[in-house]
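Encoded as C-alpha cells, the structure appears first; notes follow it.
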Amino acid sequence: MIIAGAGPVGLALALALARHQVPTIVVDEGSGVCPEGSRSTVLRADTVGFLQRIGYTRVVADGRGWTAWRTLRRNRELLAVPLQPDDVLHLAHHRLLRGLRDAVSATPLVQLITDSAVLELEHDADSVSVHTEQTWLRGSHLVGCDGPRSTVRKRLGLRFPGRAAADHYALATVRADLPFPGEAQLHRDPPRGSGGPGAREVTARPLPDGVWRLDWRLPTRAPALTPDQLIEQLRASLSAWNGGTVPPYELISNADYVVQQRLSTRFQVGRVFLAGDAAHVLGALGMQNLDEGLRDADNLAWKLGLVWHGCAPEQLLTTYQQERRGAVIARLRAVDQAMPLLQPSTPLLEARRSILSGSLRRNAPLLSDGSLGTGRLGGAPAYPERSRPALTPALAPTSPGVLVPDFTVVTADGTKDRLRARLGRGFLVVLVAPGTGVWASEHWLGAGLMPQLTEATEALPLPAELLVTEAYPGAAPHTVLLIRPDGHLVAALHGCRPEELYDLADRARSGPADLPAPRGGTADADESGEGNGSDGSGGSGDGGTSGRTPARERLSAGRA
C-alpha cells in the first residue's frame, strides 16, 4: 500500500498497517528532518494507547500529563477538573514526529521515501499508481495523508469546503516558573491590562522541561501581532499570574495562526482514501485535529489489513468514510452550536449572553471539553451499526459501537495485561468472569463457558484472541464482548452463542463473503511471532480463509 505524507497521521497509519503485517511505502515531499518548533498537540488516552501499541513506546515520556484543568473568568474560578497523569498528554509536534520516525525505522514493513512529492495518480478496480518526483509506484491502495493542501485530494477532484477563519490565536512557547505547576488554565476575559492588546482569553498549558505553551485568542480578523505586541502580551500575562511581577522567562518560539474548519466532500474514491488534515481540519474551542487524524488511521488500518489478507470483502472499506466522516461532521456541528454560547460576535450579543443562553459558568465545560477529550467537543466517537456516528457520553459502555474503556484482562496463558495493549492485531473476544483474577488459568480454562468459547473463537473467520476479565461496566457475569481491532465494541452477548458470535463477526467485516483466497501474510508471520494470530493471541484458526472452519462446523452441528 502507498501512503502520501510522512506527518504524524501518515507514519502512524504505516505503523498500524505493519502491526497487521501489511507492507507500505510512505512518500513525502519533505526531507525527513524534524526541527523544533512551536506546534504541540493534546492527545487523549485512547490515541496515546494507539501510538504505544504501534511502536512509539516512549510517547508518555516525551510529553507532559496535567494534574488539573481550571477555567477562570476575570480571576474568578468557573470550573476545576482534577486529572490523572494519563487522562491527557501534551506533546511537542517535533518530538511526536521523531518518535514515529524512530518506530518506522525499526520495522522492515515500512519504506520511507523523502524529497519525493506526489505529482499524479491513476487508479482502477485492481490497483493504484502514483507518479512522484522520483519514480512511479504501484500499490493495492493509496491513502492521502498529505495535509490541508493535499495533492491527492486535488487530483481526485474533491472539494474542501468550510470556514476559513473560525478562530485566531497568537502562540508562544516559554520556559518560565508559573505559580500553578502541572495545571492547564484558561483565563477568559482577563482583567484589563493583564491579557495584552486585544486578547479575549489566554490559555496556559505545560510541556516537559519547564516549558509552557501560551495561546491568546484574538479577534478573528485582527492582523498578526508585531514582535513588540507579542512581548507586551506575554509580559502582561506573566505579570498577572505572578502578583504583578514579571518572572524570569525565555521565549523559545512564537507563531500566529488562524483556525480553519474544513471537511472534504468524500474520504474515499475507489481505492484511494483521505485521512488527517487532508480529510478534515478542525481546531476551534480547543479541539485537536491530530487526535481525529489518529482515529482515522486506527479505523482504516484494520479494515485495510483484513481486506489485504483476504479476510474481508472490499465492501468493508466503505465503512471508513461512513464512520469517520460522520464522526467529524458530528464534531463540527457541536462546535457550531457551542460557538454562539461561548464567543458572541458583537458586544451587544456579549451583553445579552446571560439572557439568551445562560451564564458562562453554566457553559464553562464547553471551554474545556475540546482540550480534555470530554463531552461533545472532545469525547471519543461511537459507531453504532446502521446509524450515524454518535458521541460516546450519550451511550452506555455496552452499547454497540462505543469505544471500550481500558481495563485489566487475562490471556489464555494466565498473563495479565491491559486491553488497549492487545488491540490492533485482530478482534478480541472478552469473557466477563468474576474470580478469574484469583485463580490460576489452569483452573478456569476448562471450566464453565471457556471450552466452548475457546473453540468458537478459533472458528471465527478472522484473526481473534480470547481474553477474560473480572468485570466490565454495565455487564453481568458471563457476558461476552466482541471488540474490533480499534477498540470499538461490536456487541455484548450473554453467554456463549457461537452462531450469534459468527454472525456479528461477519457483520463487522461487512458480510460472510465468498472471499478471494487470502494473501500469505496472514499465516506467514515472521520468526519473532508477530502477525495475525501467530503471537499466541488466538489467531483465526484458518489462516484467514473465509467460510466455516471445521471447528465452526462442529459447533454448529452440536448446537443443532
Side-chain angles (χ1 to χ4, degrees), residues 3 6-24 26 32 34 36 39-66 84-112 145 207-209 276 288 290-291 293-302 305 373 380 403-409 411 415-426 428 465 467 485-487 525-532 534-537:
I3 297 172
V9 175
L11 295 176
L13 177 60
L15 289 167
L17 286 168
R19 190 168 170 86
H20 290 282
Q21 294 294 299
V22 177
T24 57
V26 183
C34 307
E36 185 171 350
R39 297 176 62 188
S40 65
T41 188
V42 180
L43 300 177
R44 314 325 196 260
D46 63 300
T47 48
V48 170
F50 171 59
L51 293 174
Q52 288 175 317
R53 68 176 176 266
I54 63 175
Y56 183 15
T57 56
R58 69 170 190 266
V59 58
V60 173
D62 279 352
R64 174 71 185 268
W66 302 338
Q84 298 299 317
D86 57 351
D87 287 339
V88 295
L89 184 73
H90 191 196
L91 182 66
H93 186 81
H94 67 275
R95 288 194 177 187
L96 171 63
L97 273 177
R98 289 173 188 173
L100 289 171
R101 286 185 184 272
D102 289 346
V104 162
S105 66
T107 174
L109 289 174
V110 181
Q111 179 184 355
L112 178 60
C145 304
L207 283 160
D209 306 322
Q288 303 293 309
L290 178 56
D291 237 18
L294 294 176
R295 287 172 178 149
D296 293 344
D298 201 6
N299 185 289
L300 184 57
W302 71 268
L403 180 69
V404 299
D406 197 17
F407 54 90
T408 300
V409 293
T411 66
T415 302
K416 288 188 177 182
D417 204 352
R418 301 296 293 178
L419 178 88
R420 285 195 179 128
R422 313 301 298 183
L423 296 173
R425 284 202 175 101
L428 299 180
E465 178 183 11
L467 302 169
D486 59 356
D526 59 23
E527 293 180 359
S528 67
E530 293 190 357
N532 292 328
S534 61
D535 59 342
S537 61

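Excluded from the calculations below are hydrogen atoms, water molecules and symmetry mates; all remaining heavy atoms, backbone and side chain alike, are included. Computed from a prediction, not measured in an experiment: that's the story for all the values here. Position 1 is the first residue of the sequence; numbering continues from there.
Taking the side chain to side chain contact (heavy atoms under 4.5 Å, CB included) definition, one finds that Asp102 meets it with Arg58, sequence neighbours left out. Shown here are the side chain to side chain contact (heavy atoms under 4.5 Å, CB included) partners of His93, two or more places apart in sequence or in another chain: Pro8, Arg39, Leu97. Residues forming a salt bridge (Lys or Arg N to Asp or Glu O under 4.0 Å) with Arg95 (at least two apart in sequence, or on another chain): Asp209. Qualifying side chain to side chain contact (heavy atoms under 4.5 Å, CB included) partners for Asp417, counting only residues two or more places apart in sequence or in other chains: Val409, Ala421, Arg422. In this structure, the side chain to side chain contact (heavy atoms under 4.5 Å, CB included) partners of Val59, at least two apart in sequence or on a different chain, are Val48, Leu51, Gln52, Tyr56, Leu89, Leu91. Annotation: ring-ring contact (aromatic ring centres under 6.0 Å, His included) contacts of His90 (sequence neighbours excluded): Trp66.
Contact annotation: the side chain of Leu467 approaches that of Glu465 to within less than 4.5 Å [non-hydrogen atoms, C-beta and beyond]. The shortest distance between side-chain heavy atoms of Val26 and Val104 does not fall below 4.5 Å.
Atom OG1 of Thr47 sits about 6.0 Å away from atom CG of Leu294, to the nearest 0.5 Å. Atom OG1 of Thr107 is separated from atom CD1 of Ile54 by 11.0 Å, given to the nearest 0.5 angstrom. Distance check: Leu11 CG to Ile3 CD1 gives 8.0 Å after rounding to the nearest 0.5 Å. Between atom CD of residue Gln84 and atom CG of residue Asp86 there is a gap of 7.0 Å, rounded to the nearest 0.5 Å. Taken to the nearest 0.5 Å, the CZ atom of Arg425 stands 9.5 Å off from the NE2 atom of His20. Here the straight-line distance linking atom CG of Leu96 with atom CG of Asp62 works out to 8.5 Å at 0.5 Å rounding.
When all heavy atoms of Ala301 and Ala16 are compared, the closest pair comes out as CB-CB, 3.5 Å. Among all heavy-atom pairs drawn from Leu13 and Cys145, the shortest one is CD2-SG, 4.3 Å. Nearest heavy-atom pair across Leu207 and Ala92 is CD2-N, 3.9 Å. Of all the heavy atoms in Arg98 and Cys34, the pair that sits closest is NH2-O, 2.6 Å. In plain terms, the two heavy atoms of Arg420 and Ala45 that are nearest each other are NH1-CB, 3.8 Å.
Side-chain N or O atoms of Arg418 include none that pairs as donor or acceptor with a backbone N or O of Lys416 at under 3.5 Å. Judged purely by atom type and a 3.5 angstrom limit, Arg295 has no side-chain atom pairing as donor or acceptor with the backbone of Leu290. In terms of modelled atom types and a separation under 3.5 Å, the side chain of Asp486 and the main chain of Asn299 share no donor-acceptor contact. Distance alone, capped at 3.5 Å, places no donor-acceptor pair between the Asp291 side chain and the Leu43 backbone.
Taking a cutoff of 4.0 Å between a charged side-chain nitrogen and a carboxylate oxygen, Arg53 and Asp298 qualify as a salt bridge.
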